[in-house]
Amino acid sequence: MADKGLLILGIETSCDETAASVVRDGRTALSNVIASQIDVHKVFGGVVPEIASRHHLQLINGVVDAALNEASIERDEIDAIAVTKGPGLVGAILIGLATAKAMAYALGKPLIGVHHIFGHICAALIEHPELEPPFLALVVSGGHTSLVDIRGLSGGPGEMTVLGSTRDDAAGEAYDKVARVLGLGYPGGPKIDAIAKDGDPGNAVFKRVMLEDGSLDFSFSGLKTGVLNYINTKRQAGLPVREADVAAGFQATVIDILAAKTRAALAKTGRGTLVLAGGVAANSALRERMRLDSEETGTKLFVPSPVYCTDNAAMIACAGYYMYASGVTDDLSLDACAALPL
Ligand code: KG4
Ligand code: ZN
């Protein structure tokens with residue numbers, strides 16, 4: 001029989017995606033099943049935690065079976081089970097965790113609790129076999145905006161240093177809030193990405209908040225107020241508000257800040273490799289800007305395909321593989337944690 005490599009089943013339920021995946025040797029996704037609950041939550045304008053948990057519970061067994069079927073893998077061929085342990089919605093995480101624990105116990109397989117953000121960072125390993133640490137990662141998601149120096153893949157604090165993080169809203173959160181102000185619905189990121197293409201950022205200029213000299217932290221909470229003020233000022237003057245211009249102006253502001261901080265972090269660490277990760281990394285304008293900047297600075301850039309940027313379980317299986325290879329496993333007392341430091 002052909003060698004199937006080391007097979008990790010990944011499970012991810014930290015927000016509104018119920019996801020499972022089988023990854024071979026940490027790099028090849030044999031399946032990547034994602035059941036999105038967006039349609040359930042969009043009527044509320046955002047994710048409703050209890051509804052998310054209930055849907056995860058309904059969907060999880062079918063999603064895991066689909067991931068195994070798509071990969072043509074039997075349950076007992078799995079070498080270990082990796083699952084998101086946090087951060088995220090605790091009731092949602094618990095559904096994935098309970099499923100992973102039950103499978104690990106029943107099959108007698110190791111269990112690996114993965115930090116969701118470490119998972120996002122590892123997403124770039126899936127399609128890029130040549131990517132190896134050390135590298136700098138810019139993580140931009142709905143809950144996080146961080147610059148992380150990665151020296152190894154054990155997932156432990158000894159091999160990761162957070163160089164800067166948002167002090168208030170995450171980049172994705174800013175996208176979602178501004179989309180709500182513009183009446184574009186949830187989730188806002190992809191909608192702003194789409195309409196900004198027809199806008200002129202020069203018509204809606206917002207402040208680039210860079211914080212103190214040398215700081216690699218971010219602050220995006222003022223941007224929503226800036227957008228609201230812009231809209232109100234226009235309306236009071238009886239002038240029309242072009243949504244596409246607001247979207248383009250807002251997006252250019254976020255991208256300028258992300259790009260400037262990333263350049264500063266690359267200069268500070270001397271790293272020559274950059275990984276873009278998290279849901280906002282699916283943004284077309286951010287991807288293009290990072291590509292141009294990397295060309296200019298001679299940095300090797302690795303960006304996952306959009307499906308591996310937003311929440312998925314392949315990234316969790318991939319991270320789990322490297323943790324397992326470093327000897328990291330958990331016992332069945334593994335707990336979910338809503339706010340988990342990297
Ligand atoms: O990583 P993710 O799927 O979930 C979290 O871990 O938070 O990120 C979700 C975030 C949302 O705020 C969503 O609006 C944003 O990623 N997002 C985007 C795009 N696609 C998703 N933001 C900008 N442009 C996009 N194309
Ligand atoms: Zn995420």
Side-chain angles (χ1 to χ4, degrees), residues 10-19 21 32 34-38 41-42 45-47 49 52 83-90 92-93 96 114-124 137-146 148 165-166 169-182 184-197 199 218 220-221 223-224 247-248 250-255 257-258 275-290 303-316 318-319 337-340 342:
I11 296 178
E12 152 65 38
T13 60
S14 67
C15 192
D16 59 345
E17 257 95 36
T18 315
S21 162
N32 186 32
I34 304 167
S36 173
Q37 302 178 15
I38 283 177
H41 298 282
K42 73 179 178 198
V47 179
V83 62
T84 302
K85 63 178 177 182
L89 304 170
V90 79
I93 298 166
V114 177
H115 192 291
H116 182 76
I117 296 304
F118 182 58
H120 272 302
I121 293 169
C122 288
L138 171 66
V139 188
V140 273
S141 73
H144 288 77
T145 304
S146 300
V148 190
S165 283
T166 183
D169 290 356
E173 201 175 349
Y175 266 94
D176 295 336
K177 283 182 176 174
V178 167
R180 198 173 304 165
V181 168
L182 292 173
L184 298 175
Y186 177 85
K191 297 197 167 135
I192 290 187
D193 191 354
I195 70 163
K197 292 188 167 75
F218 302 87
F220 292 111
S221 68
L223 208 43
K224 189 187 86 171
F250 158 78
Q251 180 162 278
T253 309
V254 173
I255 292 176
I257 297 168
L258 294 174
V275 160
L276 195 56
V280 183
N283 184 269
S284 57
L286 177 63
R287 295 166 82 91
E288 179 60 8
R289 172 64 171 275
M290 287 297 171
V303 189
S305 297
V307 71
Y308 295 123
C309 288
T310 45
D311 287 348
N312 67 88
M315 69 186 199
I316 301 302
C318 176
C337 186
L340 191 64
L342 198 58

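Order of listing sets the numbers, starting from 1, for every ligand and every atom in it.
Protein atoms that are N, O or S and lie under 2.8 Å from the Zn ion (ligand 2) are these: H116 NE2, H120 NE2, D311 OD1.
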Evaluate the criterion side chain to side chain contact (heavy atoms under 4.5 Å, CB included) for residue pair D16 and I38; output intermediate values, then yes/no.
CA-CA 7 Å; D16 59 345; I38 283 177; 4.0 Å; yes

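Atom numbering of ligand 1 starts at 1 in the shown order; those under 4.0 Å from a heavy atom of G172 are 12 (O). In the vicinity of G143, heavy-atom distances shorter than 4.0 Å reach the ligand 1 atoms 7 (O). For ligand 1, the atoms closer than 4.0 angstrom to any heavy atom of H120 are 1 (O), 6 (O).
Side-chain N or O atoms of H115 include one that pairs as donor or acceptor with a backbone N or O of L340 at under 3.5 Å.
Distance from atom 18 (C) of ligand 1 to its nearest protein heavy atom, with residue and atom name: G189 CA, 3.5 Å. From the protein, the heavy atom lying nearest to atom 24 (N) of ligand 1 is N283 ND2, 3.0 Å. Residue, atom and distance of the protein heavy atom nearest to atom 2 (P) of ligand 1 are D311 OD1, 3.4 Å. Protein heavy atom closest to atom 6 (O) of ligand 1, with residue, atom name and distance, is H116 NE2, 3.0 Å.
In terms of heavy atoms, G278 sits closest to S141 at CA-CB, 4.3 Å. In this structure, T310 and H120 approach most closely via the heavy-atom pair C-CE1, 4.2 Å. The two residues M315 and C122 make their nearest non-hydrogen contact at O-CB, 4.1 Å. V47 approaches P49 most closely through the heavy-atom pair O-CD, 3.4 Å. K224 and V178 get closest at one heavy-atom pair: CA-CG2, 4.2 Å.
Counting heavy atoms closer than 4.0 Å to ligand 1, residue D176 contributes side-chain atoms (C-beta onward) but none from N, CA, C or O.
The closest heavy-atom contact to atom 26 (N) of ligand 1, among the options D193, V140, V254, comes from D193. For atom 20 (N) of ligand 1, the candidate residues are S284, G279, G278; the nearest heavy-atom contact is made by G279. Nearest residue to atom 7 (O) of ligand 1 from P87, A277, G119, G142 is G142 (criterion: closest heavy atom).
Heavy-atom separations between E17 and ligand 1 are all 4.0 Å or longer. Within the 4.0 Å heavy-atom shell around ligand 1 one finds A282.
Few gaps surround NZ on K191; more than 12 heavy atoms of other groups in view lie less than 6.0 Å from it.
Residues satisfying the ring pair (Phe, Tyr, Trp, His ring centres under 6.0 Å) test with Y308, not counting sequence neighbours, are none.
Note: K85 NZ to I316 CD1 = 11.0 Å, rounded to the nearest 0.5 Å. One distance of note links CD1 of I93 with CD of E12; it measures 8.0 Å at 0.5 Å rounding. Residue T145 holds its OG1 atom at 10.5 Å from CD1 of I257, rounded to the nearest 0.5 Å.
Taking only nitrogen or oxygen atoms, main chain and side chain alike, Y175 does not reach within less than 3.5 Å of ligand 1.
Evaluated for a side chain to side chain contact (heavy atoms under 4.5 Å, CB included) with R289, the options L258, N283, I255 yield exactly one hit, I255.
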